[in-house]
Every structure is written in C-alpha cells, then in structure tokens.
Chemist: 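One structure follows; several queries about it will come next.
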Amino acid sequence: MKYIPYVNIKMGTKSIPRRSYGNTLPLTQIPFGMAPFCIQTESRPGWFYHPEHEFAEGVRLTHQPSPWINDYGTFVMTPQNDVVANSAAGAWSGYRIQDSVQRPDYLKLTFLRSNCTFELTPTERGGAIRLTYGDDRPSYLSFFPVKGNYTYRFDEATNTLYGTTDGHSQDVAVDFKMYFVVKFLGDVVDTERTYAAGEGAGACIHVAVKNRVVEARLGISYISEDMAVAAMERECGDYSFDVLRNMAENNWEEKLHRIEIETDDEEQMKTFYSCLYRPFLFPHKAYELDADGNPVHYTPVDGKVRPGVRYTDNGFWDTYRTVYPLYTLIARDEFAEMLEGFVNDYLECGWLPRWPSLGEVGCMPSTLIDAVIAEAAVNGIGKREVLENALKGMIHHANNDAPDRRYGRNGATSYLKYGYMPRNEQRESVNLTQDSAYGDWCIATVAKVLGHDELVDEYMARSKNYKNIFDATSGFMRGRDTEGKMAEFFDPCSWGGEYTEGSAWQNSFAVPHDIEGLAELHGGKDKLIAKLDELFNTPPKYRVFGYNNEIHEMTEMAAVDFGQMAISNQPSFHLPFLFAALGAQDKTNYWAKKLATEAFNSGDAGYPGDEDNGTTSAWYIFATIGQYRLCPGKTEWIKCERLVKSVKILGKEI
C-alpha cells in the first residue's frame, strides 16, 4: 500500500498574516533534506504561496521554517519566452491548479505564458529538473532573487550555471553564502545569456531546446562551489529524472510506513498522512559530506567550516512538546543525529540553540531544548559524550545571562536571585518562570541518567520555583515584581504582558513535570479538575492589553471555540491530557476526540492555527493513535481513546 496519495502537502497553506490555518508551505523535499522546493505565487515576504492563486511566479528553493521567521539561501526559477521579464513579479504566469501535481517527492506545473511544463524531484542537497516546452519559440530559464546579494557565472564547456546568494533573515550568520550549481544536460544551451550581480540580481539562460525537452541537475552548499558540485554529482549521478523521482518516492514511503493505521474513513486517512508528512520536513540538515564522506558544516557564529553534523530550522518552544516525543517512536536514529548537531552548536558558540533558522534567531522565550535533551536521555537516545556536553550546555544557560538576547534563558540570574522572573524586568515573566522550573527539572533528569547525583537534588529543588508565582486567590499563575508584588489589575482573559501568546488561562498549567504539586496548589486533584472544566467551558473571549492589538492566535482561539482551550497554539496542547493524569480519563477521551475530529481536516485550511515545524501535526497523530507524552523527559504516556481500528508502529501493532 502506498501512502503518498493520501498526503496533501498543501494542508495548512490557506493562510494569511491575520488568520493561520497552518501557515505551512507545500514543500517538495527529501525528509529532513537541505533543499526544499515549492511554488511561489506572489513576491511577498513570508506568505509567498497561496493555494487559491491561479498564477505562479516560479519554483522557489526555500528554507523558510515559518513565515514569522522568513527565508534564507533562496532563489526562484521561472521558464520564459517572448517578452522576457527581469523579475519574478514581472514573469508571473497563469497555471491550472487542477492540472498541477504537488507531492512530497514530485512537483509539476505548466506555466501557461511560456507553454512550459516544469517538473522537479528533490535530492537531499539539490534536485532534478525537467522542462518540456510546448512549442518552438526561443526559450529561457530565469533565476530570480529573493533577498540579499547574488552572483552568477556560466561555464560554456559544461553548460553549468554557478551562483551564490548571501541572503538571510533575523539570525546570526557570519559570512554566510549559499553556493548553487545548475548543470544543463546535453548540448542544450546556446551563447545568449544575461547576468547581473549584487542585490536583486538575476540570471537568464537561453536554452536551445532539443525535442522541446531540457533537463538540469541542481546542487547547493553552504561551504563552497566545489561542495555544491560534489553534492549534485553524488546525489544525482547519471540517474535519469524518473529514477531520481522513484528514489525520492521510496524514501517518503518508507517514512510514512513507520506508522500504519487502519480506518474506513477516507478523510481520516488523508488527514493522518498529511500530518505524518510534516514532522519529517524539519529540522533541516545543515551539514555536507567531504571527499571522504565525512560530515562537515558551516558554523554561523563565526563563518568557519568544522567537522560534524548540524541541523537547523527548528523552534524548540514549539517542537519539544510533540515532535521529539514522536521521534522516540519512529525516528530514533535521526533524533540521535539531530541531538549531536544541536550540541555541536553549543561546543562552537557557547550556547545551546533556541530557535535556529540557519543561525540563531531566538524569537521565542526560554530554552526548551532542555526538554528535548531530557527526552533523548530517558529514552536511551544519543551517545554519552553528546549527552554529557548537552548537560554542560543546559547548566550554563540555567545560571548565566547571555550577552545577546537571542541566546540562553532571558533573565537567568534574576531567576536565581528571586526564584522567579520579575515581571518588571522581563516580559512573559510567567512563562519564563515556568519554563525555567521545567528546564531545571530536565537538568536533574539528565544528570540522574548520567550518574551525576550531586546535581539532582539542587535542580530538583529549583524545579519547584513555579510555586512562587501561583496566586491562590485567583487560581492562576501571575507575575511578581522584584518586591514580590503582583499587579493590581488582573483579568485572566488578558493576553500578553506576563504571558506568551496567550492569557492566564492557557499559561497557568504549564507544570508538566509536577502535576501532583500543581494539584496541591489548587487544593487537590478534584479542584484542579474543576479548574480545567472551567477553562473548557469559559467562552473564548480575550483582551489585547499585553499586545495593544489583536494577534492571530486570539482570532483563532475564538474561531474554533473550545472555550479557553486554544488548540490553535502550543501552550494548550497538553490541557486535555491533564484530566487523565488527574484520574478523569473520560474527560481526556472526550476532549481529545472532539478536538481531533472537529479542529482538523486534510484541506488547505486544515489546521486550527500555526502548524509550527510538525508540532500541531504530531498532536493530531498522538490523539489519533491514543497516546500522548504529557511530560517530555518522562517515559510515561497518557492514554486516550484510539480513533482508528488499529495502529502499527514500525510494523508492530500497539
């Protein structure tokens, strides 16, 4: 049985800045590959694809993990003839959406303006292109810029275009340059070419079409032109386009077969496998292979090339909750290599990554990589040396302020001084305090696994610091200032300020490591259950005081209307499963099923909010197969009612 036909890679792409149905891109790439591709329909930062646009500006090499982060190392390829435009916005063409093919392993669309069918199949660090022109007009393939400076040169002897771009976004990326090479097969390029250099520069290749078909092979590198050539030659070899496509298809089928479900519901199959595709996209590999086959990588913090693996394009604030627990079931080897790459970042720059997109962006609070490391440690994933270095990195950011706010725990030394993050020193102080307490528990957990018992008690005691911000009067977590005072004004429906992307309702139950302690604060399990019932039954109203304007997460919580349970965003993901942890299994069953069946579908508007590098997809997968990791860093699963007839993981029925 093949599962790719069930995958809609456009699921979640029907999004705009004010309303996210996923904020995804329809990526055609090798799992965790370094070279993803998709259609660009409009030259717009972040939101450059929309599934209802009946026009395309080209096919884009993209590394964008989120529209809020934006892109790097990118360009657009567009076939042209007749009036040849010098920009993607000027070269746009109509295309028939219904005739296009967008799959994980294969992309195909016909540019009506040039009467050219563009096909692409990916390799790990490049891809294969096949252009079929419908008539004998002079034909071109243009390469258009997206951001940064570009250079181009053409080798007539080998029909090969060599290019570079230095464009990147909000990250630390010293001397970054992506090298790309495009080799046209056979004698298919004549001498008429146009080039430019610098910011906004593009290239236009006049292709002499034989039998109206042109093929090319593509390779990229963050290290050198020679490495881009080597990647292209190693991965594409002398294989035909169709063989390379078959290889990409087999790669994806193997990944999708790691979980096999049985159900009579066709829509459920489509939703499940469209979701299962997503956690295999990110993080992206950011390492290459040298002449001896050894991994090497560009180091963003100083621009040097170092040995070893590296991964990027991943926000741990989101992904720790569901993606890495899923990897413990279906991608253990990949998880181990990712962990090694994350620790390499610490060894090279002194800080574990927080939200890398090429280099460190640090756009979300806290150091939730702590939970990823703990999840690996307790599940026997990763080499001891890697885990030892990871623990050093965890302890470092738990006790020291970074000189750049993109790194480490913001307010770490204040947390040590007061036992909480003061609200008059740090925004999002409630979340920062809770995440620090959880991170301290993760340190104790990893230390215990590694036999460093002298650390366990210290950090386990620190993991109780969440209690310092509990307000017994209201039953919510609230910020304190440096004098220990809470704000006079309090509305549990007020977003932002002391809270991250939510209000007190969504952010007062983030104590996954100590549910028993949280219940005690509320006066016992029954009272905490009652508080959760109140959360699910409180209308989804919100106040914008902390942001001074509406953010899309507010809009989405109200639109799906599950009370204050904002399934649209990560801080609420664990809330339905708290019931079972407290002994109310029937409530977990009810809410997990209701959310999975009513908030998700396989359509282009299929998610209730941002999908975020596989996190929301993995939530749906867990709800469907009937188990959820309430606390990454523990091995226990919270059970819920399975929503399909049967489930096999790696061929074994569960």
Side-chain angles (χ1 to χ4, degrees), residues 25 27 29-30 32-38 45-46 48 60-76 124-126 145-151 163-180 199 219-225 227-228 231 281-288 295-319 337-338 340-364 369 402 404-408 612-614:
L25 288 172
L27 298 177
Q29 70 166 76
I30 295 300
F32 307 121
M34 203 168 104
F37 300 88
C38 79
F48 58 83
R60 178 163 169 169
L61 171 70
T62 174
H63 298 98
Q64 179 172 292
S66 162
W68 309 108
I69 302 296
N70 218 305
D71 213 342
Y72 67 89
T74 178
F75 58 82
V76 177
E124 197 157 76
R125 298 171 187 85
V146 177
K147 60 169 44 181
N149 296 291
Y150 290 75
T151 66
T164 69
T165 172
D166 62 5
H168 62 101
S169 295
Q170 310 165 42
D171 56 318
V172 177
V174 175
D175 296 332
F176 167 70
K177 191 173 287 185
M178 186 188 79
Y179 301 82
F180 58 94
E199 186 174 2
I220 68 169
S221 169
Y222 302 148
I223 297 175
S224 70
E225 182 178 282
M227 292 289 279
L281 295 175
F282 301 96
H284 288 143
K285 290 182 178 179
Y287 70 86
E288 303 166 45
V296 292
H297 63 272
Y298 156 81
T299 306
V301 72
D302 59 14
K304 295 181 179 179
V305 177
R306 289 183 169 88
V309 299
R310 186 171 188 271
Y311 280 79
T312 189
D313 302 328
N314 181 84
F316 294 106
W317 188 85
D318 301 300
T319 56
E337 185 174 274
M338 292 171 193
E340 184 175 347
F342 302 148
V343 172
N344 281 339
D345 273 14
Y346 162 65
L347 297 175
E348 293 160 4
C349 81
W351 300 94
L352 285 163
R354 201 167 96 185
W355 216 127
S357 182
L358 182 58
E360 184 59 62
V361 178
C363 72
M364 297 300 289
I369 192 172
D404 185 327
R405 284 186 59 84
R406 286 176 287 193
Y407 295 99
D612 286 323
N613 309 140

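The figures that follow rest on heavy atoms only: side chains count, while hydrogens, waters and symmetry mates do not.
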Chemist: Can you confirm whether F282 sits close enough to L27 that some side-chain heavy atom of one is under 4.5 Å from a side-chain heavy atom of the other?
Modeler: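 They are in side-chain contact.
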
Chemist: For residues F176 and T165, report the shortest heavy-atom separation together with the two atoms involved.
Modeler: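 Where F176 meets T165 most closely, the heavy atoms are CE2-O, 4.1 Å.
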
Chemist: Let me confirm one number: the OG1-CE distance from T312 to M338, rounded to the nearest 0.5 Å.
Modeler: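 The distance works out to 12.0 Å.
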
Chemist: Could you check if a side-chain atom of P65 sits within less than 4.5 angstrom of a side-chain atom of W355, using non-hydrogen atoms only?
Modeler: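 In short, these two side chains touch, coming nearer than 4.5 Å.
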
Chemist: For C363 versus I69, what's the shortest heavy-atom pair and its separation?
Modeler: SG-CD1, 3.5 Å

Chemist: So which pairs with a foot in residues 170-179 pass side chain to side chain donor-acceptor pair (under 3.5 Å), sequence neighbours left out?
Modeler: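 Side chain to side chain donor-acceptor pair (under 3.5 Å) check on residues 170-179 returns H168-D171.
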
Chemist: From T299 OG1 over to K304 NZ, what is the distance, rounded to the nearest 0.5 angstrom?
Modeler: 9.0 Å

Chemist: For the CZ atom of F32 and the CG atom of D313, what is their distance to the nearest 0.5 Å?
Modeler: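 Going from the CZ atom of F32 to the CG atom of D313 covers 12.5 Å.
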
Chemist: How close do H284 and P36 get, heavy atom to heavy atom, and via which atoms?
Modeler: NE2-CG, 3.5 Å

Chemist: I need the minimum non-hydrogen distance between A231 and I220, along with the two atoms involved.
Modeler: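 Scanning both residues, the minimum pair turns out to be CB-O, 4.1 Å.
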
Chemist: Once salt bridge (Lys or Arg N to Asp or Glu O under 4.0 Å) is applied, what residue pairs with a partner in residues 341-350 remain, sequence neighbours excluded?
Modeler: R310-D345

Chemist: Looking at Y150 versus F75, is the centre-to-centre ring distance below 6.0 Å?
Modeler: no

Chemist: Apply the side chain to side chain donor-acceptor pair (under 3.5 Å) test between D71 and each candidate in K147, H63, R60; give the one that qualifies.
Modeler: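 Among K147, H63, R60, the one that satisfies the side chain to side chain donor-acceptor pair (under 3.5 Å) with D71 is R60.
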
Chemist: Which pair of non-hydrogen atoms, one from Y407 and one from C349, has the smallest distance, and what is that distance?
Modeler: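 Smallest interatomic distance, heavy atoms only, reads CE2-SG, 3.9 Å.
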
Chemist: Going from CD on E360 to CZ on R354, what distance comes out if it is rounded to the nearest 0.5 angstrom?
Modeler: 6.5 Å

Chemist: Between Y222 and H297, is any pair of side-chain heavy atoms under 4.5 Å apart?
Modeler: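 No; the side chains remain at least 4.5 Å from each other.
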
Chemist: Should the pair E124-K285 be classified as a salt bridge under the 4.0 Å nitrogen-to-oxygen rule?
Modeler: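 Answer for the salt bridge query: yes.
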
Chemist: Side chains of T62 and T74: do they bring a donor and an acceptor to under 3.5 Å?
Modeler: no

Chemist: E337: what forms a salt bridge (Lys or Arg N to Asp or Glu O under 4.0 Å) with it, not counting sequence neighbours?
Modeler: none

Chemist: Closest approach of N70 and G46, non-hydrogen atoms and distance?
Modeler: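 That closest heavy-atom pairing would be ND2-N, 3.8 Å.
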
Chemist: Quick one, S169 and V361 - any side-chain contact, counting heavy atoms below 4.5 Å?
Modeler: no

Chemist: Distance from F316 atom CZ to F342 atom CZ, nearest 0.5 Å?
Modeler: 4.0 Å

Chemist: Could you give me the CA-CA distance, side-chain angles and deciding distance for M178 and L61, then say whether side-chain contact (heavy atoms from CB on, under 4.5 Å) is met?
Modeler: CA-CA 11 Å; M178 186 188 79; L61 171 70; 3.5 Å; yes

Chemist: Quick one: is the NZ or CZ of R125 closer than 6.0 Å to the six-membered ring centre of Y287, and within 45° of its axis?
Modeler: yes

Chemist: Please assess W351 against D404 for the test side-chain contact (heavy atoms from CB on, under 4.5 Å), listing each intermediate value before the final yes or no.
Modeler: CA-CA 10 Å; W351 300 94; D404 185 327; over 6 Å; no

Chemist: Under a plain distance cut-off of 3.5 Å, with no hydrogens placed, do N314 and T319 share a side-chain donor-acceptor pair?
Modeler: yes

Chemist: Would you say N149's side chain and D166's backbone share a donor-acceptor pair under 3.5 angstrom?
Modeler: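 Between the backbone of D166 and the side chain of N149 there is no qualifying donor-acceptor contact (under 3.5 Å).
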
Chemist: So, taking the atom named SG in C38 and the one named CG in L25, what distance separates them when rounded to the nearest 0.5 Å?
Modeler: 5.0 Å

Chemist: Checking the side chain of N344 only, and the main-chain atoms of V309 only, is there a donor and an acceptor separated by less than 3.5 Å?
Modeler: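 Present.
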
